Amino acid sequence: MSLWTGLYGDEGILPVRLQMPKVQRPLLEQESLLGLGPSLGLAPQQVLELTCLVGVALALCAVLLEPLRDSLIYFCLRVLYLSVYNVGGDFLHSEWDVLLLEAGLLAVLVAPLGLLRRHSSYRYHDTVSFWLTRWLFFRLTFCTGVSKLASGDPAWYDLSALSHHLENQMNPTPLAWYVHQLPDWLLRFGAVVVLQSEIIVPLVTFFAPIRRLRLFGFYVQLFLQLCYILTGNCSLLNLLSITLSFSLLDDDHFNSNTGPKKKKGQEKNFTSLCMQVNVCTCVGVSSQVPYTSMAGMSVSKVLPAVRDAYSAVERYQLVGAYGIQHRMTSAEGRPEIILEGSYDGLTWTEMNPMYKPGNVNAVPPIVGPHQPRLEWLMWQKAQGGDDTSPWFTGLLQRLLQGKPEVIGLLQVDKAQYPFSQKAPVFIKANLYNYHFTDPTKDKTHLQAWWRRQYKREFFPIVNLDDPKLKKLLEEAGLKEKFPAQTGSDTPVSQALSLIRDHVKGLSGSLLLSTLLATVAGIFLLKAVFSWVSGGPKPRPALADHKTRKPKEPSETAEKSQVAAPSNRGGKKDSNEKKDSDRSPRKRK
């Protein structure tokens with residue numbers, strides 16, 4: 001929550017109230033739930049915080065409670081995230097955000113819909129939507145590999161890319177430094193393995209009718225993602241890739257004697273299946289349009305019907321393109337933007353963020369599964385962006401003003417931030433190239449993880465009264481003519497303020513790690529209790545197979561009379577013999 005306050009709060013880098021449309025629209029025409037703020041008596045920042053909290057609560061309930069792993073819950077989660085995405089600007093327009101929205105749509109299609117029905121929601125998925133999940137995983141993996149070669153990146157053609165990637169990736173780990181020290185031939189072999197895993201393996205195994213080939217593809221992709229996590233931190237993209245890879249498995253991997261048997265009549269009805277086929281066809285066909293740029297085609301050459309279908313769903317982020325914006329792997333090192341502040345314009349002190357290289361002696365941080373948005377944009381901008389982005393201008397303004405919400409994005413520990421007592425008067429940004437140190441060559445830097453060299457000035461010296469800064473703020477729409485209006489003092493706003501005060505001063509990495517550890521602890525306790533009580537209880541039978549009512553005595557008698565003549569050779573049925581033995585004459 002403190003993360004969103006620093007990014008989108010009233011004192012943040014890009015206040016969300018400035019991203020909202022100026023004209024109030026009808027409810028059905030609004031692109032975000034944040035437009036409901038005036039009706040609820042809440043400010044845009046408070047609606048954003050409430051949206052995030054409701055999303056976290058629903059997600060936790062879906063993870064912990066099996067009945068809530070329902071299509072309706074996933075639909076609500078997708079609507080909430082799409083509302084945040086539409087007002088998030090540059091901070092949320094990343095590849096993994098689009099992937100999360102598309103995967104969320106598939107979760108709605110694959111998951112059962114039982115909360116609105118009276119019977120159990122447990123059922124088997126249909127084949128159409130599940131294959132669409134595999135299609136998304138194929139597009140993600142295959143296009144990521146093809147883009148490496150289609151971009152003409154020489155580092156991938158001479159197989160030196162892996163060595164450069166280890167230090168150029170967004171958040172390298174300490175293990176990445178050690179892997180970087182491996183022999184050159186081994187790193188080149190690793191580049192071959194990456195290309196084969198992302199291009200050849202998906203083509204051969206993902207849609208193969210042979211089960212063992214699909215299993216091979218699954219374990220290859222799982223191994224690849226684990227390598228990415230160990231050397232580059234655990235990101236949302238890695239977690240989504242691992243989740244989608246489970247579409248390559250079948251029911252035998254999760255077979256349990258406690259599960260219900262699949263019986264006739266358990267499938268969806270014809271109308272429901274037709275509706276899902278239509279949705280899946282629209283999504284499947286539309287997903288091919290964004291990749292026309294990779295093939296060198298113009299969108300105008302696409303079939304009009306396909307182009308119209310893509311235009312109809314584009315605003316809802318139903319499909320995305322992955323891997324088409326491949327960045328060249330630079331052999332010159334890792335470019336980094338280093339912010340520096342000063343009180344007199346003569347003595348400068350660096351302001352190093354927590355989650356990216358700055359101090360050459362600092363150990364590469366363990367960030368995952370947290371995804372630091374500010375560091376991600378600074379990493380992207382250093383790769384070749386300009387210095388006129390609205391978010392970068394807003395960052396400089398807030399640092400010059402000394403806003404604690406934004407300072408908390410750089411350093412949670414005030415002792416690590418050199419201007420915690422007083423904001424700097426001047427600020428500038430320089431661009432450096434960073435390399436991993438090599439113990440065999442950099443013998444004078446045995447304690448350093450990085451070595452760097454100055455490249456150029458990235459942003460000139462400015463202060464709050466600088467005309468250039470004021471002009472950039474005005475062009476970005478960040479120059480406010482009126483102060484921010486606070487929402488009414490409602491119980492909801494008071495609860496949000498209380499939660500905000502409790503998480504203030506905590507890093508996003510610590511909050512997310514604590515949350516995941518809590519969930520893991522709950523699952524561990526459930527497993528222990530299940531083991532102590534003698535194993536998991538069997539699932540309840542489906543509502544379609546209702547418990548048969550006991551037959552009436554008269555009905556049983558009628559059936560026995562009908563069945564009696566069918567016996568051959570005058571032989572009596574065994575039940576008939578028992579009845580004759582119990583007759584009054586026999587007892588006498």
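Since this is a predicted model, take the numbers as computed values, not measurements.
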Self-check item: Intermediate values then yes/no, side-chain hydrogen bond (donor to acceptor under 3.5 Å, both in side chains), N352 and Y417
Solution: CA-CA 8 Å; N352 296 318; Y417 185 69; over 6 Å; no
Quiz item: Charged N to carboxylate O below 4.0 Å: is that the case for E167 and R334?
Solution: no
Quiz item: Could you give all pairs that pass the side-chain hydrogen bond (donor to acceptor under 3.5 Å, both in side chains) test and reach residues 181-190, with sequence neighbours left out?
Solution: D184-R188
Quiz item: Which atom pair, heavy atoms only, marks the closest approach of T173 to P364?
Solution: C-CB, 3.9 Å
Self-check item: K468 NZ/CZ over F459 ring centroid, <6.0 Å and within 45° of normal
Solution: yes
Self-check item: Rounded distance [0.5 Å steps], CG in L58 versus CG in L53
Solution: 11.0 Å
Practice problem: Name the orientation class of the two ring planes belonging to Y434 and Y432 (parallel below 30°, tilted from 30 to 60°, perpendicular beyond 60°). | Solution: perpendicular
Self-check item: Considering all heavy atoms, the nearest I366-S509 contact
Solution: O-OG, 4.1 Å
Practice problem: Could you tell me whether the side chains of Y322 and E102 share a donor-acceptor contact shorter than 3.5 Å? | Solution: yes
Practice problem: For Y228 and N233, test the side chains for any donor-to-acceptor distance below 3.5 angstrom and give the result as yes or no. | Solution: no
Self-check item: Polar side-chain atom of N171 near backbone of Y355 as donor-acceptor pair, under 3.5 Å
Solution: yes
Quiz item: Which is it for R500 and E49 under the side chain to side chain contact (heavy atoms under 4.5 Å, CB included) test, yes or no, and what are the steps along the way?
Solution: CA-CA 9 Å; R500 193 186 308 118; E49 294 171 341; 2.7 Å; yes
Quiz item: Would you say the side-chain atoms of K356 pair up with the backbone N or O of M378, donor to acceptor, closer than 3.5 Å?
Solution: no
Self-check item: Lys/Arg cation over aromatic W348: K428, 6.0 Å, 45° cone
Solution: yes
Exercise. Without swapping roles, check the side chain of Q169 against the backbone of L166 for a donor-acceptor pair under 3.5 Å.
Key: yes
Exercise. May I ask you to decide if N433's main-chain N or O and R452's side chain share a donor-acceptor pair within less than 3.5 Å?
Key: no
Quiz item: Will you find, in the side chains of S151 and D153, an N or O donor that is under 3.5 Å from an N or O acceptor?
Solution: no
Quiz item: Nearest 0.5 Å, what's the CG-CG distance between L506 and L511?
Solution: 5.0 Å
Exercise. Test W449 against F436 for ring pair (Phe, Tyr, Trp, His ring centres under 6.0 Å), laying out the working first.
Key: CA-CA 6 Å; W449 292 82; F436 276 140; 7.9 Å; no
Self-check item: Qualifying residue for side-chain contact (heavy atoms from CB on, under 4.5 Å) with I13, from L409, L377, L478
Solution: L409
Exercise. For D90 and W376, work out which heavy atoms get closest and say how close.
Key: O-CZ3, 3.3 Å
Quiz prompt | H93 atom NE2, over 12 foreign heavy atoms within 6.0 Å | solution = yes
Quiz item: So, is the end of the R373 side chain (NZ or CZ) under 6.0 Å from the ring centre of F91 and within 45° of the ring's axis?
Solution: no
Exercise. Using atom types as modelled and distance alone, determine if a side-chain donor or acceptor of S83 lies under 3.5 Å from a backbone N or O of L33.
Key: yes
Quiz item: Which atom pair, heavy atoms only, marks the closest approach of P424 to L400?
Solution: O-CD2, 3.6 Å
Quiz prompt | Under 3.5 Å donor-acceptor, Y81 side chain and G104 backbone | solution = no
Quiz item: At what distance, to the nearest 0.5 angstrom, does CD1 of I407 lie from CZ of R398?
Solution: 12.0 Å
Practice problem: Calculate, to the nearest 0.5 Å, the distance between atoms CG and CG belonging to L240 and L99 respectively. | Solution: 4.5 Å
Exercise. Assess the side chains of S342 and D344: does a donor N or O sit below 3.5 Å from an acceptor N or O?
Key: yes
Quiz item: Between the side chains of N238 and S235, does any donor sit under 3.5 Å from an acceptor?
Solution: yes
Practice problem: Side-chain contact test, heavy atoms from C-beta onward, threshold under 4.5 Å: evaluate it for L239 versus C234 and give yes or no. | Solution: yes
Quiz item: Are the charged groups of E336 and K455 less than 4.0 angstrom apart, N to O?
Solution: no
Quiz item: Counting N and O atoms only, with roles assigned by atom type, does the side chain of W379 sit under 3.5 Å from a partner on the main chain of I337, one being a donor and the other an acceptor?
Solution: no
Exercise. Can you establish whether the number of heavy atoms outside Q421 located under 6.0 Å from its atom CD is more than 12?
Key: no
Self-check item: S245 side chain to I242 backbone, donor-acceptor under 3.5 Å
Solution: yes
Quiz item: Using 4.0 Å as the upper bound for N to carboxylate O, is an ion pair formed by K148 and E198?
Solution: yes
Practice problem: Measure across S197 and T141 and return the closest heavy-atom pair with its distance rounded to 0.1 Å. | Solution: O-CG2, 4.1 Å
Quiz item: Under 6.0 Å between the ring centres of F392 and F458?
Solution: yes
Exercise. Look at the side chain of E11 and the backbone N and O of K403, then say whether any donor-acceptor pair between them is shorter than 3.5 Å.
Key: no
Quiz item: Does OH belonging to Y178 count more than 12 external heavy atoms closer than 6.0 Å?
Solution: no
Self-check item: Considering all heavy atoms, the nearest E340-N430 contact
Solution: OE2-ND2, 3.0 Å
Exercise. Please indicate whether E350 has more than 12 foreign heavy atoms, meaning atoms of other residues, nucleotides or ligands, lying under 6.0 Å from its CD.
Key: yes
Exercise. Count the heavy atoms of every other residue, nucleotide or ligand shown that sit under 6.0 Å from CD of E332, and state whether that count exceeds 12.
Key: no
Quiz item: Using 4.0 Å as the upper bound for N to carboxylate O, is an ion pair formed by K471 and D466?
Solution: no
Quiz item: Can any side-chain N or O of R78 pair as donor or acceptor with the backbone N or O of L101 at less than 3.5 Å?
Solution: yes
Quiz item: Are the ring centres of F426 and Y343 closer than 6.0 Å?
Solution: no
